Trainee: 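Shown below is the structure under consideration.
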Amino acid sequence: MSIVDIVFPGFTGISAVVQQLLAGNLNSYTQLLCICGMLMFFGRYACRFLGDVVELVETHCIVSYSDEAHDMLLAWAVSQPFADKARSSLASVRRGRRGYGDDHPDSSENKTLSYSPWNGAFFFWYKNHLLVFRCREKEVRFSIEEAVSISCFGWSSAILKELLSECKDKYLKLVQNKTSVFEHREHRWVRTSTKDIRPIRTWYSQRGIPYRRGYLLYGPPGTGKSSLSGSIAGHFHLDIYSLSLSGVCEGDLKTLFGKLPGKCVVVLEDIDAVRTTRSRDGEEDKSGKGSKVSLSALLNVLDGFASQEGRLLVMTTNHIEKLDSALIRAGRVDMKIEFRLADKDMITQLFHLIYKQSEDDIPEKGKRIEADKTVERLAEAFVAKVPELQYSPAEVMSFLVVHKQSPKVALDNVDQWMDRIREERANVKRADSWVQEG
Ligand SMILES: Nc1ncnc2c1ncn2[C@@H]1O[C@H](COP(=O)(O)OP(=O)(O)OP(=O)(O)O)[C@@H](O)[C@H]1O
């Protein structure tokens, strides 16, 4: 290998081929192969050189994967003719790679596929300017990210800004009346889904009093704590930023809170996972459950966070008894709401929710009333069998959904289902006691 190979890899090989060609030692078939090889070799350098020259006369705008501008640009790009014609594209069922404009794809009979340009440079005309949309895979901290940019020829970026502004308008229309859910990936917020706003009427909305409060939702798993957070966000047209304390370290927690927008709902899940210590001077805690976030670090970010207008903090826990009083004192938590296992009333409501017939199901009023009476009778029998405050709404709901075709079958199977749940709980309890003993 010569020094020239460092600058032009393959140079030695190609010069040997040229020498052989000039010496005339090769038969015609080998000559043809050598010429093809040379053309490919020089063609590659020519393309690279041309690319460099083009880059010199281009103006770029890089759009960061972790920024909402990325969603804006892609929401626009998927609807462009160049996306249709792209030789390389990424297919997705949702209208967007990160869920914006999600129209409940699962509920649709025909899951609509959309294609966005992928891994290449795509030329298109925009307001009489030739622009380039580039999209590539980039490795960031052991994971693959998308690097997206738009470029124009010349030294002014005005047309790029105009395009991005159009993308923003289009995107805002797309996500209007939707609630975006952001979750953390290391130190960044990433949109994971977009939901239709869940309507909820509250004392506050009726009186026009804005929310700037902290709530603690506590109770056993599956009692609706997270669902209520979604409803609150939807009602106030705010996005949800959901953070599980068991999955972040202190540094990331601080960075993530620093990157929150002005108005949003922040849901802090598993708040009991925080390392409890009353001292705020950084003293090590003794309770240590393996969580990477100490109470002092959490209190510090919450105090900074609370000063922001329009942010709503919702903390959820399955174990209120484990929480430090400093964390849930008035001011940080204005209201504590207990979520309980399903009582008779709730079980009845869930039964009705699943089995009561709508006008679409049975258009004839008489028949519908008859069917509903049967459901009411079966609901009473069901409630008589299921003891209250033993099962979560999520458990009852998931059992009923399995038997959604027949309330009668649900009733016949409920004893068996309760036995199974009891057995599962006993197994979990046994496993827990082994872990504690170990
Ligand atoms: N009151 C309720 N009415 C109807 N469905 C409910 C109710 N509570 C819970 N569910 C059902 O249970 C599912 C789980 O609820 P959710 O995730 O809100 O519970 P959670 O209390 O936040 O649980 P966890 O503590 O495990 O996070 C919901 O998607 C919903 O289907």
Side-chain angles (χ1 to χ4, degrees), residues 99 102 104-107 179 181-184 192-202 214-236 238-248 265-274 289 291 312-323 327-328 333 335-356 358 375 379 382-383 386-404 407 410 414 417-418 421 424-425 428-429 432:
D102 173 1
H104 301 294
D106 293 335
S107 65
T179 297
V181 179
F182 292 81
E183 284 176 10
H184 63 99
T192 51
S193 61
T194 309
K195 300 172 173 177
D196 284 333
I197 285 170
R198 299 174 67 164
I200 184 173
R201 290 187 66 74
T202 67
Y215 292 92
L216 175 72
L217 313 184
Y218 67 97
T223 46
K225 300 183 291 293
S226 307
S227 308
L228 183 70
S229 313
S231 297
I232 293 171
H235 179 67
F236 288 100
L238 297 172
D239 291 334
I240 304 177
Y241 287 74
S242 171
L243 185 77
S244 174
L245 277 186
S246 46
V248 284
V265 175
V266 177
V267 181
L268 280 184
E269 308 246 27
D270 309 330
I271 196 78
D272 50 282
V274 70
K289 287 190 343 178
S291 166
L312 185 70
L313 175 68
V314 179
M315 299 194 269
T316 72
T317 180
N318 297 331
H319 301 284
I320 191 174
E321 72 285 354
K322 291 186 187 171
L323 300 184
L327 182 59
I328 54 174
V333 169
M335 194 182 276
K336 302 181 187 88
I337 304 167
E338 184 181 4
F339 284 67
R340 300 169 72 199
L341 294 173
D343 58 16
K344 294 219 175 283
D345 195 34
M346 192 178 286
I347 299 170
T348 311
Q349 282 183 36
L350 290 172
F351 200 90
H352 287 178
L353 180 79
I354 300 291
Y355 298 114
K356 278 233 166 160
S358 69
V375 169
F382 186 80
V383 171
V386 182
E388 62 178 348
L389 305 179
Q390 294 290 318
Y391 302 95
S392 69
E395 285 173 323
V396 177
M397 180 79 130
S398 92
F399 169 73
L400 293 177
V401 167
V402 170
H403 300 290
K404 62 180 179 302
V414 70
W417 170 73
M418 287 190 295
I421 297 269
E424 280 171 12
R425 286 180 186 169
V428 172
K429 219 170 181 179
D432 279 352

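Order of appearance sets the numbers: ligands from 1, and atoms from 1 within every ligand. Along the sequence shown, residues carry numbers from 1. What you see is a predicted model; the values in this text were computed from it and never measured.
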Trainee: Go through ligand 1 atom by atom and flag the ones less than 4.0 Å from a non-hydrogen atom of S226.
Mentor: 17 (O), 18 (O), 20 (P), 22 (O), 27 (O)
Trainee: Identify the heavy atoms of L353 and M397 that sit nearest to each other, and give their distance.
Mentor: CD2-CE, 3.8 Å
Trainee: Any heavy atom of L350 closer to ligand 1 than 4.0 angstrom?
Mentor: yes
Trainee: Please identify which atoms of ligand 1 are closer than 4.0 Å to at least one heavy atom of T223.
Mentor: 8 (N), 9 (C), 19 (O), 20 (P), 21 (O)
Trainee: Enter the distance from L327:CG to I320:CD1 here, rounded to the nearest 0.5 Å.
Mentor: 10.0 Å
Trainee: How close do A342 and I347 get, counting heavy atoms only, and between which atoms?
Mentor: CB-CG1, 3.8 Å
Trainee: Would you say N318 touches ligand 1, if touching means a heavy atom closer than 4.0 Å?
Mentor: yes
Trainee: Can you give me the closest heavy-atom contact between V383 and K344, atom names plus distance?
Mentor: O-NZ, 3.1 Å
Trainee: Among all protein heavy atoms, pick the one closest to atom 11 (C) of ligand 1 and tell me residue, atom and distance.
Mentor: A394 CA, 3.9 Å
Trainee: To the nearest 0.5 angstrom, please state how far the CG atom of L217 sits from the CD atom of E338.
Mentor: 11.5 Å
Trainee: Write out the residue and atom name of the closest protein heavy atom to atom 7 (C) of ligand 1, then the distance separating them to 0.1 Å.
Mentor: P393 CB, 3.4 Å
Trainee: For D272 and K322, which heavy atoms make the closest approach, and how far apart are they?
Mentor: CB-CB, 4.3 Å
Trainee: Considering only the protein, which heavy-atom contact is closest to atom 19 (O) of ligand 1, and what is its distance?
Mentor: G224 N, 3.2 Å
Trainee: Using a 3.5 Å distance criterion without hydrogens, assess whether the side chain of D343 forms a donor-acceptor pair with backbone atoms of M346.
Mentor: yes
Trainee: Looking at every non-hydrogen atom in both residues, tell me the closest pair between K225 and T316 and how far apart they are.
Mentor: CB-CG2, 4.2 Å
Trainee: Return the closest protein heavy atom for atom 5 (N) of ligand 1 as residue, atom name and distance.
Mentor: M397 CE, 3.8 Å
Trainee: Short N/O distance, under 3.5 Å, between G222 and ligand 1?
Mentor: yes
Trainee: Which atoms of ligand 1 are found less than 4.0 Å from any heavy atom of S227?
Mentor: 15 (O), 16 (P), 18 (O), 28 (C)
Trainee: At under 4.0 Å between heavy atoms, which part of K225 makes contact with ligand 1: side chain, backbone, both or neither?
Mentor: both
Trainee: Looking only at distance, does P221 have an N or O less than 3.5 Å from an N or O of ligand 1?
Mentor: no
